[in-house]
Amino acid sequence: MRPFQWPKDLKPLLLRFKDRASIAKIHAIMISSGTFDRGTSFNGQLVASYIRIGDIESARLVFDKSPHRAVDAYNAMIIAYSRKVCPLEVIKLYKQMNLEGARPDSSTFTLALKACTSLLDLDMGEKIRTNAVKCGYEHDMFVGSSVLNLYAKCGQMDEAMGVFEKIPGRDIVAWTTMITGFVQSGRVSDAIWIYRQMQKEGIEGDGVVMLGLIQACANIGDTKMGLSVHGHMIRRDLRIDVVVQTSLVDLYAKNGQLELSSRMFRNMSHRNAVSWSALISGCAQNGFVGNALELLKEMQSFGFELDLVSLMSGLLACSQVGFLKLGRSIHGYIMKRLDLDQVLGTALIDMYSKCGFLSNGRAVFELLSSKDLISWNTMIASYGIHGQGMEALSLFLHMTETDLKPDHATFASLLSACSHSGLVEEGKYCFDRMVYEFNIKPSEKHYACLVDLLARAGRVEEARDLIDSMTTDPGIAVWVALLLGCHIHRKLLTGELAAKKVLELKPDNPGIYALVSNFYAAARKWDEFAGVRKVMKNTGMKKVPGYSVVEVHGKLHAFLMEDKSHPQYEQIAGMLEKLEHEMTAMGYIPNTEFVLHNLEEEVKVKMVCSHSERLAIAFGLLNTGLGTRLLITKNLRVCRDCHEATKFISKIVNREIVVRDVKRFHHFKDGVCSCGDYW
DNA sequence: CTAGGGTTAG
């Protein structure tokens with residue numbers, strides 16, 4: 001009998017079989033005939049066959065048991081792991097093949113570089129790059145654009161540019177890598193410049209290039225330009241797929257154009273989880289909390305599991321209005337279905353602390369097995385807004401014992417924590433360490449924090465000296481901080497200077513005009529006062545309507561100032577009247593200093609007593625059991641009078657009342673506030 | 001015929 005003869009090439013034969021059983025049969029024959037142990041190219045083809053039918057385990061078994069592995073076998077395995085997004089496996093195999101002396105080719109290098117990119121492992125990536133150059137792939141387009149992408153994703157755009165300039169005959173992929181790289185590093189003008197260069201070289205942008213431009217528009221808030229990119233795509237008949245549509249949804253949502261964004265979203269024929277998340281996060285970021293939460297439910301009803309990003313947006317929405325109950329249930333959802341990583345963990349820390357439960361936030365922080373810079377910064381900021389400056393400082397000291405380097409955000413949180421707690425010396429100490437030890441150039445925000453801290457402590461002259469020491473022109477935030485301190489401490493001379501500077505810089509925020517006019521009123525500078533009022537009127541600047549939100553039995557209730565539309569209004573008014581009576585008996589005197597209008601005193605008293613937080617507090621007291629703690633979230637700052645009144649109320653009803661205003665928390669208990677009247 | 005550039009985020 002003639003001995004069994006294999007064909008010269010096994011590949012055509014293997015390609016004919018698309019089922020596991022036939023491939024396994026050939027596999028068996030290879031083993032029994034001893035072919036397998038000779039380790040020819042047949043083994044690699046067998047590996048590829050198993051991968052073709054998606055059976056990575058069998059492929060790996062063949063691969064591991066082969067006495068010899070050729071590049072093709074390695075590449076087949078690497079492609080499989082790359083598709084399955086297992087970058088660590090890809091790199092392991094890459095290392096192994098170098099040890100075994102199999103020379104990687106262009107596709108090996110490309111995939112290995114891609115794996116490093118996804119791990120942001122610049123060191124390994126650079127080793128691979130060196131090896132690729134040694135193997136003669138320096139001018140390979142695939143390897144080249146992979147190296148570019150590695151640098152771009154690791155935020156090394158200048159390095160990427162150097163590589164880019166040396167690639168001969170750059171193709172559109174290389175150009176795109178540079179464009180999106182610049183966009184994602186926040187260097188939008190460089191991205192646009194690169195795009196123009198590409199056009200000059202006669203290369204037309206495709207869909208991916210346009211996508212990069214849309215992202216650029218989203219980042220700088222230029223919805224008009226985004227619209228024209230969209231138009232350009234339609235005219236040029238470029239395919240507008242889910243990814244592009246999602247970016248357009250994001251562009252409009254991020255910039256507060258929810259109408260446009262949801263119209264775009266509703267018109268999509270296919271949506272994926274990312275599209276949903278883009279819209280939801282846009283809603284959450286722009287304060288459209290109700291819409292965000294509705295969409296979250298709708299997303300599920302369309303059969304999508306909530307993913308990392310949509311959950312984070314949900315948590316952000318809860319944070320904004322103090323929706324503890326929903327925040328908690330999202331926490332439960334996460335624990336059941338996902339791993340608590342530092343990103344979600346940080347969102348939870350933020351949610352708990354913004355919902356008034358700082359200790360829960362700290363507990364989540366302790367639970368995190370790995371904490372990154374943002375986790376620490378968030379925790380420090382949380383202590384800050386709750387007025388626990390010393391805790392914030394001690395956490396910062398702990399942080400300096402880790403490998404993490406504090407950044408500008410760390411110091412911004414720290415300085416504002418000191419300022420909320422009136423820790424003047426500590427604040428100055430932090431500022432000095434930031435500049436001299438960590439070599440961080442203080443930004444406008446840092447200066448504003450320190451000026452605020454000094455000025456509110458009454459050290460107005462020191463604050464002025466600090467401003468004079470700035471190397472850049474002080475911006476509006478710095479002058480506003482100085483003015484506020486001057487207003488509190490009645491430092492009229494410096495205050496007038498600050499007020500003048502503030503007005504020169506043309507604030508776009510009605511709250512700032514209110515501060516300036518209040519200052520002039522207190523200083524009895526009636527001409528200036530009238531001037532400011534006129535500017536406010538002429539620019540159509542209206543006071544942002546104040547509202548407060550309170551959670552009662554797991555539901556949110558919002559109140560506007562003088563809100564009479566509420567079904568329980570009679571009861572609420574009755575409760576407030578009763579409280580006022582008791583408060584007055586205890587020595588409360590209404591403080592109308594902060595009411596702007598030129599009104600009769602009696603009307604002013606009525607106005608402060610109908611501020612939205614009072615209504616929310618009364619409603620909360622009426623509808624919750626004795627001793628229950630209340631959390632009120634307000635969109636503006638608490639006024640002096642409401643602050644005073646809430647102290648009395650907390651004593652009268654013997655409850656803890658937590659008020660979160662736009663800047664910080666006030667914990668009222670037993671007639672005192674945690675801020676110590678310092679805010 | 002394989003391989004490089006793309007959407008959301010604390």
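It should be emphasised that the depicted structure is a prediction, and the values quoted were computed from it without experimental measurement.
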Pairwise distance CG(A:L88) to CG(A:L93) - rounded to 0.5 angstrom:
11.0 Å

Between the base of [N] and the side chain of [X], is there any donor-acceptor pair under 3.5 Å?
X: A:S247; N: B:dT7; answer: no
X: A:T110; N: B:dG4; answer: no
X: A:D206; N: B:dG5; answer: yes
X: A:D372; N: B:dG10; answer: yes
X: A:S281; N: B:dA9; answer: no
X: A:S146; N: B:dG4; answer: no
X: A:T346; N: B:dG10; answer: yes

Can you measure [X] atom [atom1] to [N] atom [atom2] for me and round it to whole angstrom units?
X: A:M299; N: B:dA9; atom1: CE; atom2: C1'; value: 13 Å
X: A:K114; N: B:dG6; atom1: NZ; atom2: C1'; value: 11 Å
X: A:L279; N: B:dT7; atom1: CG; atom2: P; value: 18 Å
X: A:M210; N: B:dT7; atom1: CE; atom2: C1'; value: 16 Å
X: A:Y352; N: B:dG10; atom1: OH; atom2: C1'; value: 15 Å
X: A:F265; N: B:dT8; atom1: CZ; atom2: C1'; value: 12 Å
X: A:M312; N: B:dG10; atom1: CE; atom2: P; value: 5 Å
X: A:M233; N: B:dT7; atom1: CE; atom2: P; value: 14 Å

Please determine whether a side-chain nitrogen or oxygen atom of [X] lies at a distance below 4.0 Å from atom OP1 or OP2 of [N].
X: A:N149; N: B:dG5; value: yes
X: A:Q285; N: B:dT8; value: no
X: A:R83; N: B:dA3; value: yes
X: A:Q215; N: B:dT7; value: yes
X: A:Q45; N: B:dC1; value: no

Of all the nucleotides listed ([options]), which has the minimum atom distance to the side chain of [X]?
X: A:S107; options: B:dG6, B:dA3, B:dT7; value: B:dA3
X: A:K153; options: B:dG5, B:dA9, B:dT7; value: B:dG5
X: A:D250; options: B:dA9, B:dG6, B:dA3; value: B:dA9
X: A:T176; options: B:dT8, B:dT7, B:dG5; value: B:dG5
X: A:S277; options: B:dT2, B:dT8, B:dT7; value: B:dT8
X: A:L111; options: B:dA9, B:dA3, B:dG5; value: B:dA3

Would you indicate what [X] reaches in the nucleic acid, counting non-hydrogen atoms under 4.0 angstrom: base, sugar-phosphate, or nothing?
X: A:M178; value: nothing
X: A:S275; value: nothing
X: A:V244; value: base
X: A:L113; value: nothing
X: A:L308; value: base
X: A:D140; value: nothing
X: A:D171; value: base

Parallel, tilted or perpendicular: which describes the rings of A:W276 and A:F302, with under 30° parallel and over 60° perpendicular?
tilted

Between A:Y383 and A:R362, do the side chains contain an N or O donor and an N or O acceptor separated by less than 3.5 Å?
yes

A:D158 vs A:R187, test: salt bridge (charged side-chain N to carboxylate O under 4.0 Å, His left out). Steps then yes/no.
CA-CA 11 Å; A:D158 295 328; A:R187 291 166 62 172; 3.3 Å; yes

Can a donor-acceptor pair be found, under 3.5 Å and without considering hydrogens, that links the side chain of A:R271 to the backbone of A:R266?
yes

Does A:S261 use its side chain to pair, donor to acceptor, with the backbone of A:Q257 at less than 3.5 Å?
no

On the ring face of A:Y252, is A:R263 found with NZ or CZ under 6.0 Å from the centre and within 45° of the axis?
no

